[in-house]
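Notes follow the structure.
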Amino acid sequence: MIRILAIETSCDETAAAVIEDGRRILSNVIASQTELHARYGGVFPEMASRAHIEAILPVIEQAMREAYLGFDDLDAVAVTHGPGLAGSLLVGVNAAKGLALGRKLPLLGINHLEAHIYAHWLETRPDGVETEEAARTDLEFPLLALVVSGGHTELVMMHDHARYEYLGGTLDDAAGEAFDKVGRLLGLPYPGGPAIQTTAQNGHATAFRFPRAWLDDSYDFSFSGLKTAMLRIVESYSDPPRGQQLANLAASFQAAVVDVLSAKAARAAEEFKATAVLLCGGVSANQALRTTTAERASIPVHYPPPILCTDNAAMVGACAYRHFIAGERAGWDLDVLPGLRLVERRRTARA
Ligand code: KG4
Ligand code: ZN
């Protein structure tokens, strides 16, 4: 049995988890800074790193306590080292190094985007949090992963564990970033994604016709035009939108984002003969994205429970397990890589 303590501090969640054999969640502790950043309408980097410093040790201690384990029961310490905010990543990386050095444990540096994909290998109960049931053993390569978070929007083929092929990504804003910016334009609380989803429930998705950037037949995305279109509408009103109008704006905006994401994911899955679509990252918590992609794809569409879609350390532990059994180890010079990518090169030719 391999037990890994995983640490995640790339953005505004301080998180630690203990994961067994890359699948079983023994503990999964998340301290969110959402309230701290809400008054600024976004993540305030200096405040984020200070909050991580305050939370990191209690969060790690809680994760160990809830797993009923001592440090001697661990096989490795893993930590997200990119991409993310440098000052935030540093807190997690330094904590992980200190623990690994002090407890003579191997250290692993994990890519946050790859970790979002590995949330799919975690065991979960239908309610999402715990671990008793069998892990999803029905995942067979190749898989199509749509990684949609606050900082990233990427469509990748996963041919095997840790083997990715880049199909496309956003040319400007990330999908989650678009939700957050439009949420702010609509006067909704931060983060915009969940707030827009809730507001959209009472709205008509066809009330406003927002632009869709299809970008010919590429697998790239662009959301900045959508944000500008929303700005124009809101500016044309004398009062901030409210009630039914607000709900219609939220629903129509959400439908535009979901339309492009789900259509491109479904088309890529077909073109590259994927066995399933994996929706990954914070935006994959979006109910409209889940149902629309499932309607459009001719193969199964999987999504983690919402708590494992947004940032957490359990996914980091699941990902670290694959690298651990492949013999990978980080040196004490492990550095933060704020601009780390999942796949370095763009596809140039079609298969
Ligand atoms: O993966 P994540 O927690 O952090 C990053 O790695 O960025 O993603 C956060 C993003 C935010 O932009 C948030 O608005 C979005 O995920 N998000 C959602 C929903 N829940 C979170 N977007 C749309 N619908 C949701 N239900
Ligand atoms: Zn994330």
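Read the numbers this way: they start at 1 and go in the same order the structure lists the ligands and their atoms. The figures here come from the full heavy-atom set of this structure, side chains too, leaving out hydrogens, waters and symmetry mates.
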**Request:** Give a yes/no on ligand 1: does His112 have at least one heavy atom closer than 4.0 angstrom to it?
**Result:** yes

**Item:** ligand 1 contacted by Gly151 (non-hydrogen, < 4.0 Å)
**Value:**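 Gly151: in contact with ligand 1 (<4.0 Å).
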
**Message:** Just to be sure I read this right, does ligand 1 sit under 4.0 Å from the backbone of His116, its side chain, both, or neither, counting only heavy atoms?
**Reply:**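 Contact part for His116 vs ligand 1: side chain (C-beta onward).
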
**Request:** Just let me know how Thr310 lines up against ligand 1, side chain, backbone, both or neither, with a heavy-atom cut-off below 4.0 Å.
**Result:**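 Contact part for Thr310 vs ligand 1: both backbone and side chain.
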
Nearest protein heavy atom to [atom], by residue and atom, and its distance?
atom: atom 26 (N) of ligand 1; value: Gln197 OE1, 3.2 Å
atom: atom 2 (P) of ligand 1; value: Asp311 OD1, 3.3 Å
atom: atom 24 (N) of ligand 1; value: Asn286 ND2, 3.0 Å

Please could you name the atoms of ligand 1 that [X] approaches to less than 4.0 Å, counting only its heavy atoms?
X: Gly282; value: 1 (O), 2 (P), 8 (O), 16 (O), 17 (N), 18 (C), 19 (C), 20 (N), 21 (C)
X: Gly176; value: 12 (O)
X: Asp180; value: 11 (C), 12 (O), 13 (C), 14 (O)
X: Gly150; value: 5 (C), 7 (O), 8 (O), 9 (C), 10 (C), 12 (O)
X: Ser149; value: 1 (O), 5 (C), 6 (O), 7 (O), 8 (O)

Any N or O of [X] closer than 3.5 Å to N or O of ligand 1:
X: Gly281; result: no
X: Pro191; result: no
X: Gly193; result: yes

**Message:** For the NE2 atom of His81 and the CG atom of Leu334, what is their distance to the nearest 0.5 Å?
**Reply:** 5.5 Å

Side-chain donor-acceptor pair present, [X], [Y], cut-off under 3.5 Å:
X: Thr9; Y: His52; value: no
X: Glu271; Y: Tyr219; value: yes
X: Asp173; Y: Ser224; value: no

**Request:** Classify the angle between the aromatic ring planes of Phe221 and Phe223 as parallel (below 30°), tilted (30 to 60°) or perpendicular (above 60°).
**Result:** parallel

Given side chains that start at C-beta, do those of [X] and [Y] come closer than 4.5 Å, heavy atoms only?
X: Leu89; Y: Thr80; result: yes
X: Cys11; Y: Val43; result: yes
X: Phe253; Y: Ile196; result: yes

**Prompt:** With a 4.0 Å cut-off, would you call Arg296 and Asp259 a salt bridge?
**Reply:**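 So Arg296 pairs with Asp259 through a salt bridge.
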
**Prompt:** Is the Zn ion (ligand 2) less than 2.8 Å from at least one N/O/S atom of His116?
**Reply:** yes

**Prompt:** N/O/S atom of Cys11 under 2.8 Å from the Zn ion (ligand 2), yes or no?
**Reply:** no

**Message:** Both conditions, 6.0 Å and 45 degrees, for the charged tip of Arg329 above the ring of Phe324: are they met here?
**Reply:**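 Yes, a cation-pi geometry.
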
**Prompt:** Is it the case that Arg341 places NZ or CZ above or below the six-membered ring of Tyr166, under 6.0 angstrom from the centre and within 45 degrees of the axis?
**Reply:** yes

**Message:** To make sure I understand the geometry: which N, O or S atom in Asp311 is closest to the Zn ion (ligand 2)?
**Reply:** OD1

